Structures are given as structure tokens and as C-alpha cells.
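Take a look at the structure set out below.
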Amino acid sequence: MQAWQVHENGEPSEVMRLEDVARPVPGDGQVLLKVRAANINFPDVLMCRGHYQVRPPLPFTPGVEICGETEDGRRVIANPALPHGGFAEYAVADAAALLTAPDSLDDAEAAALHIGYQTGWFGLHRRARLEAGETLLVHAAAGGVGSAAVQLGKAAGATVIGVVGGADKAAVARELGCDVVVDRRSEDVVAAVKEATGGRGADVIYDPVGGEAYTQSTKVVAFEGRIVVVGFAGGTIPSPGLNHALVKNYAILGLHWGLYNTKNPKLVQHCHEQLTELAARGAIKPLISERVPLAGAADAVQRLGDGVTTGRIAVVPTGAQA
């Protein structure tokens with residue numbers, strides 16, 4: 001079969017190589033899956049660079065979420081068991097963690113329903129306890145993680161403010177349903193959010209960026225607001241001033257979604273049921289900006305790492321070959 005392999009760490013476009021390799025052999029409790037679509041995530045970029053908290057042994061195949069097909073023809077969503085990731089014609093995954101792909105979504109959309117939407121659901125509902133009528137601020141609102149949070153926030157009855165970088169991404173954020181869109185490249189984010197909220201600020205802030213975005217969050221968080229720290233796509237990990245959190249009376253909440261798979265896997269299944277229901281009634285629908293063939297995976301991962309993509313890019317193998 002064909003699979004992308006990383007033999008050394010570096011930029012994805014330089015270290016990912018499409019090679020002919022043997023099909024992976026499932027271990028105990030694992031199943032072999034034919035990859036129908038694989039979604040590209042920022043951890044794929046970080047793993048290529050050697051900067052992710054999980055460092056699979058070299059060589060490895062990136063790709064941390066897929067829509068796959070079991071040997072008996074079932075369509076499922078899975079996190080492949082590294083080092084046999086999803087940018088390949090076949091992958092392996094833990095049988096106990098497979099989720100049923102919703103009938104309302106195609107393969108690429110189903111592959112993208114998992115990590116970003118699970119992270120959004122846990123961040124907004126489990127950690128921040130977002131309520132209808134509250135104001136939600138989403139950084140990088142046109143990206144894969146941010147777009148999921150925007151849709152989930154709207155589905156929950158929140159007023160959503162999306163922060164983006166550039167006019168193209170602003171247009172995407174409006175299409176997603178943001179009530180207010182702030183272009184950080186041409187507007188003062190803090191001033192714009194304060195104006196949009198009558199000076200009150202945002203009740204919940206969803207931050208997958210870190211760095212300057214986090215600093216802005218602390219300036220626009222409302223009384224009893226909650227800042228959900230999801231990641232650091234901007235490359236800088238902020239050092240929060242806890243005295244500031246005390247004086248302004250807000251909460252800083254960390255979210256590591258992957259821990260729920262080991263700490264409370266029943267919640268992951270419950271979340272998937274909620275997401276499936278939302279997808280069935282059209283309240284959420286993963287934003288697939290591109291569908292690329294397997295041969296285009298390295299270029300697509302690099303573009304995600306360069307911050308020039310919107311929504312999700314799905315890698316769609318044309319057909320599994322032995």
C-alpha cells in the first residue's frame with residue numbers, strides 16, 4: 001500500500017515521503033481500517049517537526065483522525081494507532097474506541113467531526129459551562145478548531161464573536177454564523193470586542209492560538225468569564241498573571257481532550273452522540289475547504305502549518321491497494 005512516512009523531523013513538505021510499505025498488522029484489541037478520508041490537524045504538523053507531546057518512533061505515518069471502513073463494511077471514525085497514522089491507504093485503530101460515522105456526513109466531513117468538535121464540545125460545555133444568551137469569543141474562528149467552536153456556540157444559543165486574520169478568513173467566519181467578525185490584521189481586537197459587547201466583554205473565550213491572542217483575551221474577558229486554553233498554534237505559550245485573574249474575577253481553564261479517552265471514555269461516547277444529533281439536524285457541519293488526493297498530503301500539511309488554510313483539509317485516498 002502507499003503511505004506517507006516521516007524518517008526525520010522537520011518541515012512537513014521536506015520530511016514527508018510517499019512510499020510503498022506493507023499494510024500495518026493490528027495488535028491486540030486493534031482493527032485494520034481502509035482509510036476513506038483522513039483529516040489534517042495541527043498535531044500532524046507538530047509531529048513532523050518533533051514538537052508534539054506524542055513522539056512516535058521514526059519512521060511514522062502522520063494522520064491522527066480518519067473516517068475508515070472496517071473489514072465488514074462499517075463506516076467508522078477513529079484515531080489511528082501511531083506510528084501507523086491516517087495518511088495512508090490503510091491504518092490500524094483501537095477497536096474499543098471506534099465511533100460510528102454519522103449518515104448525515106460524507107467521509108471527509110465525518111473524519112473532521114472528531115478531534116476539533118470533541119475539543120469544542122468539552123471546552124464549551126464540560127469546562128466553560130457555556131449558557132444560552134452568553135457571549136462567546138473564538139480566536140482563529142475560520143480555522144479547523146475555531147470553526148467547530150463557532151458552530152457549537154451558535155447551536156448552544158450563544159452570541160459568537162470570531163477573531164480572524166485577513167479578509168478571506170473574515171468572509172468564512174461570517175458564513176459560519178459569527179454574529180461579529182473582527183479582523184486582527186486591520187482592527188484593534190480589544191477595542192472591537194469591547195464595542196461589540198458594550199464594554200462588558202466576552203463570557204467565554206476559546207483560545208487555540210496562545211501568545212498575543214491570550215493577552216487580548218485577558219483584556220476582554222467579562223466578570224465571571226472563562227478563558228478556555230485549547231492550544232498554542234501561534235507558537236508562543238503565554239505565562240498568565242494570576243493576580244490579574246484574581247482582580248478581574250475570571251477563570252483560566254485548560255483543556256486536554258485526549259485525557260478523556262483514558263480518564264472517562266464514556267464521556268467521549270456521550271459527546272459523539274450529541275455531535276451526531278447536532279449533525280443530523282444540520283446545526284453543525286464540518287467546514288471542508290479542500291479534498292486532496294493522497295499524493296497531495298504533504299503540501300496540505302505544510303500549508304496548515306504555514307497558517308494559510310481555512311476550515312479543514314481532508315486527504316481522500318482514491319482506493320486502497322495491497
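Residue indices begin at 1 and follow the sequence shown. As the structure is a prediction and not an experimental result, all values here were calculated from the model. Computed over heavy atoms, backbone and side chain alike; hydrogens, waters and symmetry mates excluded.
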Practice task
Answer yes or no: is there a side-chain heavy-atom contact under 4.5 Å between L33 and L98?
Solution key: yes
Handout entry: Close side-chain approach of I288 and R312, heavy atoms under 4.5 Å
Key = yes
Ignoring hydrogens and geometry, is there a side-chain-to-backbone donor-acceptor pair from [X] to [Y] under 3.5 Å?
X    : Y    : result
K154 : V160 : no
Q151 : K285 : yes
Q5   : P59  : no
R127 : L124 : no
N9   : C48  : yes
D207 : V229 : no
T310 : A142 : no
E69  : K34  : no
Q118 : H114 : no
E65  : I115 : yes

Out of curiosity, [X] [atom1] to [Y] [atom2], how far, rounded to the nearest 0.5 Å?
X    : Y    : atom1 : atom2 : value
L152 : Y206 : CG    : OH    : 8.0 Å
E89  : L294 : CD    : CG    : 6.0 Å
L304 : T309 : CG    : OG1   : 4.5 Å
R55  : Q53  : CZ    : CD    : 10.0 Å
H270 : Q274 : NE2   : CD    : 4.0 Å

Handout entry: Ion pair E11/R49, N-O distance below 4.0 Å
Key = yes
Problem - Pair listing, side-chain hydrogen bond (donor to acceptor under 3.5 Å, both in side chains) test, anchored in residues 225-243, at least two apart - result: E134-R226
Practice task
Determine whether more than 12 heavy atoms belonging to other residues, nucleotides or ligands lie under 6.0 Å from atom CG of D103.
Solution key: no
Problem - Heavy atoms of other groups near D72 CG, more than 12 under 6.0 Å - result: yes
Examine [X] and [Y] and state if one hydrophobic cluster contains both, with Ile, Leu, Val, Met, Phe, Trp and Tyr joined whenever side-chain heavy atoms are less than 4.5 Å apart.
X    : Y    : value
L242 : I205 : yes
V316 : V292 : no
I252 : V138 : no
W257 : L136 : yes

Fill in the blank from the handout: H125 meets the ring pair (Phe, Tyr, Trp, His ring centres under 6.0 Å) criterion, sequence neighbours left out, with W121
Practice task
Tell me yes or no: between the side chains of Y90 and H84, is some donor less than 3.5 Å from an acceptor?
Solution key: no
Problem - Residues in side chain to side chain contact (heavy atoms under 4.5 Å, CB included) contact with A3, at least two apart in sequence or another chain - result: M1, V21, T61, A88
